[in-house]
Participant: 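One structure coming up, written as structure tokens, with questions to follow.
Chain letters run A, B, ... following the sequence lines, proteins first and then strands; every chain starts at 1.
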There are 2 protein chains.
Amino acid sequence: MTHPPISALTTHLGYWLRMVSNQVSLGFAKKLATMDVTVAEWVVMRELYDVETLAPSRLAERMGMTRGAISKLADRLLAKALIARDASPDDGRAQTLALTEAGRKLVPQLAALADANDADYFGHLPPTERQMLEAVLKTVAERRDIRTIPVE
Amino acid sequence: MTHPPISALTTHLGYWLRMVSNQVSLGFAKKLATMDVTVAEWVVMRELYDVETLAPSRLAERMGMTRGAISKLADRLLAKALIARDASPDDGRAQTLALTEAGRKLVPQLAALADANDADYFGHLPPTERQMLEAVLKTVAERRDIRTIPVE
DNA sequence: TCGATATTGTTTCCTAGTCAACTATCTTTC
DNA sequence: GAAAGATAGTTGACTAGGAAACAATATCGA
């Protein structure tokens, strides 16, 4: 009554990647939660910080989410008065999203949390290892043409 | 009307980690979907493969999910006749979960998909880089005492 | 120029989790 | 040995996302 031997979960690089990634993201989510912000909300705000104005569908592409999800996400940020939603001046279908003053003031604080989180999890690594890790991850992303901003 | 300069998303190691991890997991999820299995279901089945029998609450601990989630997950696997759920012989509150024959036959096929997915994303890396990546990830996991099997 | 097609954003239905309350049992403590 | 507390599993309310259908508007092609 033996069964075919198969590889353990832990033999996969994807296992370790996800295990660490989940915890890092969870840690970040908890930090953001103290400011009543989710990771997805943070990404939207960070994107808007640089560009003044952005269409929801662009955001959907960049974040690898559906337009439906962005629609609801924008609703939530609107309810918190962190972004503004306006009709596009040159396209009757389109909208523009932009940070409110309150939203813009919040972004640097959230960015500090992101910095802190990275330090929490990777700060102890020797610079060589950090660079190596970053380089390898970028290699994989490059090779598979991965571009969307990770949210979830 | 300039705004405080803040770090870009891409300066964080966590960003790259999650970006790659998300895609690797997505790729795996798609492979599993061809067999009508989710990642969470796969993990449950893989855990049961080694142990003959396991209590839902042990599974919850190992997978870092709530007992409620495991309860529903077990319902789904039960509906697919991949696992069996029985009352524990020695504890009136407890249950035992076990693979059915169909479930047990499926596991090696799913394991092959896991192997293939890892090869898809990391196969092109030189052995040195693979080992380095694995070692660094394990270091971080170890240091933060991360143990739960990543699912989501 | 007008009909076909594409794009934008919203909405509804579905899924898979969390959280917290609940029931049923088991264990501890006096 | 009974009361108090802990533990096992389930359930219901809620959340955040995806998929697909939809209405409104733009664009393209004959």
Participant: Tell me the interatomic distance from A:I70, atom CD1, to C:dG9, atom C1', rounded to whole angstroms.
Facilitator: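 Rounded to the whole Å, the gap is 12 Å.
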Participant: What contact category does B:G92 fall into here, base, sugar-phosphate, or nothing, at under 4.0 angstrom with non-hydrogen atoms?
Facilitator: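 Sugar-phosphate, no base atom in range.
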Participant: Which atoms form the tightest heavy-atom contact between B:K80 and B:V37, and what is the distance?
Facilitator: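 Heavy atoms of B:K80 and B:V37 come nearest at NZ-CA, 4.2 Å.
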Participant: Mind calculating the distance between CG (B:L77) and P (C:dG17) to the nearest angstrom?
Facilitator: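 One finds 10 Å between P of C:dG17 and CG of B:L77, rounded.
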Participant: Could you write out each protein N or O paired with an N or O of nucleotides 13-17 of chain D at a distance under 3.5 Å?
Facilitator:
{"residue": "D:dG17", "atom": "OP2", "partner": "A:R76", "partner atom": "NH2", "Å": "2.5"}

Participant: Do B:H12 and A:D115 have a side chain donor and acceptor closer than 3.5 Å?
Facilitator: yes
Participant: In whole Å, I'd like the distance from the CZ atom of B:R85 to the P atom of D:dG9.
Facilitator: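 Nearest whole value for this atom pair: 10 Å.
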Participant: Rounding to an integer number of Å, can you tell me how far B:I149 CD1 sits from C:dG17 P?
Facilitator: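 Rounded to the whole Å, the gap is 14 Å.
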Participant: How would you list, by chain and number, every residue that makes a salt bridge (Lys or Arg N to Asp or Glu O under 4.0 Å) with B:D145, sequence neighbours excluded?
Facilitator: B:R147
Participant: Does any part of the side chain of A:Y49, heavy atoms only, come nearer than 4.5 Å to the side chain of A:V44, both counted from C-beta?
Facilitator: no
Participant: Ignoring hydrogens and geometry beyond distance, is a side-chain donor-acceptor pair present between A:R18 and B:S25 at under 3.5 Å?
Facilitator: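 Yes.
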Participant: What is the per-nucleotide protein-contact pattern of nucleotides 1-8 of chain D, from the 5' end, where B denotes a base atom under 4.0 Å from a protein heavy atom, S denotes such proximity for sugar-phosphate atoms only, and - denotes neither?
Facilitator: -----BBS
Participant: Roughly, in whole Å, what's the span from CG in B:L97 to C1' in D:dG9?
Facilitator: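 Rounding to the nearest Å, CG of B:L97 and C1' of D:dG9 are 11 Å apart.
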Participant: Let's go through A:T38 and A:L32 carefully: what are the C-alpha distance in whole Å and the side-chain angles of both, what is the deciding distance for side chain to side chain contact (heavy atoms under 4.5 Å, CB included) to 0.1 Å, and is it a yes or a no?
Facilitator: CA-CA 6 Å; A:T38 68; A:L32 286 177; over 6 Å; no
Participant: Answer yes or no: is there a side-chain heavy-atom contact under 4.5 Å between B:V43 and B:R46?
Facilitator: no
Participant: For A:R62, does the CZ atom have more than 12 heavy-atom neighbours from other residues, nucleotides or ligands under 6.0 Å away?
Facilitator: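 No, because the 6.0 Å sphere around CZ of A:R62 holds 12 heavy atoms or fewer from other groups.
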